[in-house]
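Worksheet: one structure, shown below.
Owing to the predicted nature of the structure, the values given are computational and were not obtained by experimental measurement. Only heavy atoms go into these numbers, but all of them, side chains included; no hydrogens, no water, no symmetry mates.
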Amino acid sequence: MPATLPEMPVTRQDPDKPVKLSNQIDSLPNELLAKIFRAGIELDRNDESPRSLITYCGVNSRWLAICHHSPELWTDIRIPLYHIRPEKVVARTATWLERSKSCPFDLTLVITIAMLTISIVSNAEPYDEYRLIRDILPVLIPHIPRVQRLFFTTEVSFKSPQVLFICTRLAAYEAPHLTDIRLHLGTLDISKYVISMDRIVPLVFKSAPCLRRQSLYGADMQYPLRGLTSLELSHVLPDEASFRYLSAQSPALEELCLLSLHPMVKAADLTQSKLSFPTLRSLTVSFARRTFAPGTSVLALMSPPNLELLKIQGIFLPNPATCFPDPTLLTQLHTLILEQVVFGNPNLPDANWHDTSFYLTLTSVRHLQLIDTPPQPIFPEQEAKRKPLLRSRSSELRVRSSDSHPDSQPVQAKELDSTVLSKHKGFKLPFSPPANTSLLKPRTSNSYTYWPNLTTISLDTIRAKDLLWLCELIVERPEIETVYLSRSAKRHLASSLTMWRGEDEISSWDVNLKWKNLVRTRPPVEEGDMDPVEWLEQHVKVCDYHAKDQAF
């Protein structure tokens, strides 16, 4: 159930008589119970084998009757196209289709390698791979006009006989209510299949006039493109003509996701007019491990003036200066997501690491999300500000000067205000001002000035060092209002770090932090020390990070 019901009172009775429970849920009207069941089924939808509806039907006769008379509860129909008992699959599908009555429904078809290699006992007849497909189609086809969303997932290629057998038979019928289609074909090793954008081949259904969203892995784009609002392509080989066609035919496109994007075979002339995507709001992209020569990235041809969210994934990234959209056109971009992005040169000679200049020019960014991405390189700081912290053999902390000039000034007490972050007892880092926000220093000319509109940071990391960076940034940027932390980041903040009152002149950063072992238990907090979680919550609003809910 989606909510915890209150504890039911127990009436004291004669020990020889059964105890009667006053079940308060029985007082709810049938319509409300049906809505509760619907909410529970939606929560269960992401499971491979959802069983919430079957559970509700088995509670008592009243719940069973409510489920049977609520056709909207039977609209998630899943069919494994290989099964050792195909007659059960056919009977179950027929029952769900009948109970869904005239409601639009979601259809999920699945083929896995495990299904194709089912072992049958020695005295059984040879398994017919096409038997279930042949038996299920006559049951399913009369209801195709009611299909609202189609999810077809296979671990085998779209060229396999089983997939072609299904697609050719579905292609003879129209789907007037189909709005979403997800074809993930050959998912076991999708990297072998590179799909060219110059083909638009309808694999399923003769027509789908209401189609709005496509998610395609190992499959060509599907008709129609006009009216399309969301498009996700994987391992795609684009070309300029096809991308211009997409721009012209999909004037309402709002979301575009290009995963493992390949370079164009023929370089485009970047001086020509840009491809306009006036309604595009969200762009997600990752790149195949290929060499992108100037003019071979289709993203450089794009002009998305109203783009609000940009998500970059993966460590194999081309040169942003020649392969990303012109940053001067992204004036409405407010959310930047970097997932598994590595900047700088981590001493791997054959990797294509890029710099941060493109991202730092996106001045309109208000919400920054760093997912498994080291944050330090994208927040460059002046050399004179950092003074590495050393620890002597006597366990005392000392400062290594950044230069030997007698006029060099140490870090001022007003700047650090004698608060220290510690990784474990005996090794402590002076850091930020105390909880009194009035002591926060105003931004100076030496402070970090990129992304002037930044107000929100989301951090999903397994490194305690990144939490140190976050706290220091909050000191530098008091206009940051909200911080979203993943479970691992919160664990480091609460368990790996402590704050203490230390000497003012000690530097606030430890360049050797990554070499130090992390303790798994939080050391005791002494008198005058402060809990880092408490300190952070006093300066910003701290929320839990959930990737699916982070579209600002």
**Q.** Glu98 atom CD, over 12 foreign heavy atoms within 6.0 Å
**A.** no
Q) Which heavy-atom pair separates Leu178 from Ala208 by the least distance, and what is that distance? A) CD2-CB, 4.0 Å
Show me, pair by pair, the donor-acceptor contacts under 3.5 angstrom made by side chains of residues 241-251, not counting sequence neighbours?
{"residue": "Ser242", "atom": "OG", "partner": "Met197", "partner atom": "O", "Å": "3.3"}
{"residue": "Ser242", "atom": "OG", "partner": "Asp198", "partner atom": "N", "Å": "3.4"}
{"residue": "Ser242", "atom": "OG", "partner": "Asp239", "partner atom": "OD1", "Å": "2.7"}
{"residue": "Ser242", "atom": "OG", "partner": "Asp239", "partner atom": "OD2", "Å": "3.1"}
{"residue": "Arg244", "atom": "NE", "partner": "Glu240", "partner atom": "OE2", "Å": "3.1"}
{"residue": "Arg244", "atom": "NH2", "partner": "Glu240", "partner atom": "OE2", "Å": "3.1"}
{"residue": "Arg244", "atom": "NH2", "partner": "Ser273", "partner atom": "O", "Å": "3.1"}
{"residue": "Ser247", "atom": "OG", "partner": "Ser276", "partner atom": "O", "Å": "2.6"}
{"residue": "Ser250", "atom": "OG", "partner": "Leu225", "partner atom": "O", "Å": "3.0"}

Q | Inter-residue atom distance Gln148.CD - Cys103.SG, 0.5 Å rounding | A | 10.0 Å
Q) Out of curiosity, Thr229 OG1 to Leu211 CG, how far, rounded to the nearest 0.5 Å? A) 9.0 Å
Q) Do Ile141 and Tyr173 come within less than 4.5 Å of each other through their side chains, counting heavy atoms only? A) yes
Q. Checking Lys101 side chain against Ser70 main chain: does a donor-acceptor pair fall under 3.5 Å?
A. no
**Q.** Side chain proximity check, Val365 to Tyr359, heavy atoms < 4.5 angstrom
**A.** no
Q. How far apart are the C-alpha atoms of Phe287 and Leu299, what are their side-chain angles, what is the distance that settles it, and do they pass the side-chain contact (heavy atoms from CB on, under 4.5 Å) test?
A. CA-CA 11 Å; Phe287 296 86; Leu299 298 181; 3.7 Å; yes
Q) Does the side chain of Phe105 come within less than 4.5 Å of Val147's, by heavy atoms? A) yes
Q.
Once rounded to the nearest 0.5 Å, what's the spacing between atom CG of Asp372 and atom CD of Gln313?
A. 11.0 Å
Q. To the nearest 0.5 Å, how far apart are CG in Leu140 and CG in Asp135?
A. 12.5 Å
Q: Kindly determine whether Arg99 and Leu53 satisfy side-chain contact (heavy atoms from CB on, under 4.5 Å), including the steps that lead there.
A: CA-CA 13 Å; Arg99 291 178 179 173; Leu53 180 56; over 6 Å; no
Q | Geometric cation-pi criterion, Arg182 with Phe151: 6.0 Å, 45° | A | yes
(Q) Let's go through Arg78 and Val110 carefully: what are the C-alpha distance in whole Å and the side-chain angles of both, what is the deciding distance for side-chain contact (heavy atoms from CB on, under 4.5 Å) to 0.1 Å, and is it a yes or a no? (A) CA-CA 8 Å; Arg78 308 188 183 199; Val110 180; over 6 Å; no
(Q) For Leu81 versus Leu132, what's the shortest heavy-atom pair and its separation? (A) C-CD2, 3.4 Å
Q. Between Arg281 and Thr279, is there a donor-acceptor pair closer than 3.5 Å when you use the side chain of the first and the backbone of the second?
A. yes
Q | Check: Leu459 and Val483 side chains under 4.5 Å, non-hydrogen atoms | A | no
Q. Is Ser207 reaching over with its side chain to a backbone N or O of Pro209, donor-acceptor style, under 3.5 angstrom?
A. no
Q.
With a 4.5 Å cut-off on side-chain heavy atoms, are Leu329 and Pro305 touching?
A. no
Q) What distance do Arg146 atom CZ and Ser100 atom OG have between them, rounded to the nearest 0.5 Å? A) 3.5 Å
Q. Restricting to pairs with a member in residues 294-305, which pass side chain to side chain donor-acceptor pair (under 3.5 Å), not counting sequence neighbours?
A. none
Q) side-chain hydrogen bond (donor to acceptor under 3.5 Å, both in side chains) with Arg149: which residues, sequence neighbours excluded? A) Asp106
Q. Less than 4.5 Å apart, any side-chain heavy atom of Leu338 and any of Phe343?
A. yes
Q) Are the side chain of Glu255 and the backbone of Leu253 linked by a donor-acceptor contact shorter than 3.5 Å? A) no
Q. Hey, does Phe277 have a side-chain heavy atom less than 4.5 Å from the side chain of Leu307?
A. no
**Q.** Expected output: side-chain Thr373 to main-chain Ile371 donor-acceptor under 3.5 Å
**A.** yes
**Q.** Donor-acceptor pair, side chain of Asp466 and main chain of Thr461, under 3.5 angstrom
**A.** no
(Q) I'd like to know if the side chain of Arg62 and the backbone of Asp26 have a donor-acceptor N/O pair within less than 3.5 Å. (A) yes
Q: Please test Ile133 against Arg169 for side-chain contact (heavy atoms from CB on, under 4.5 Å), starting from the C-alpha separation and ending with a verdict.
A: CA-CA 10 Å; Ile133 300 175; Arg169 279 150 182 80; 5.8 Å; no
Q.
Show, in sequence, the C-alpha distance, side-chain angles and deciding distance for Gln369 and Ser458, and conclude whether the side chain to side chain donor-acceptor pair (under 3.5 Å) test is met.
A. CA-CA 4 Å; Gln369 297 185 36; Ser458 301; 4.7 Å; no
Q.
Once side-chain hydrogen bond (donor to acceptor under 3.5 Å, both in side chains) is applied, do any residues pair with His177, and if so which ones, sequence neighbours excluded?
A. none
Q: Examine distances only and state if a side-chain atom of His492 and a backbone atom of Ile462 form a donor-acceptor pair shorter than 3.5 Å.
A: yes
Q) Hey, are His367 and Thr456 close enough side-chain-wise for a donor-acceptor pair under 3.5 Å? A) yes
Q) Roughly how far apart are Leu73 CG and Tyr56 OH, rounded to 0.5 Å? A) 9.5 Å
Q: Look at the side chain of Trp74 and the backbone N and O of Cys67, then say whether any donor-acceptor pair between them is shorter than 3.5 Å.
A: yes
Q.
Counting the benzene-type ring for Trp, do Phe324 and Phe292 have ring centres under 6.0 Å apart?
A. no
Q) Side chain of Thr154, backbone of Leu185: donor and acceptor closer than 3.5 Å? A) no
Q. Excluding sequence neighbours, so at least two apart, what forms ring-ring contact (aromatic ring centres under 6.0 Å, His included) with His184?
A. Tyr217
**Q.** Results of side-chain hydrogen bond (donor to acceptor under 3.5 Å, both in side chains) for Glu42 - residues two or more places apart only
**A.** Arg38, Arg45
Q) Can you tell if the side chain of Pro325 reaches within under 4.5 Å of the side chain of Lys274, non-hydrogen atoms only? A) no
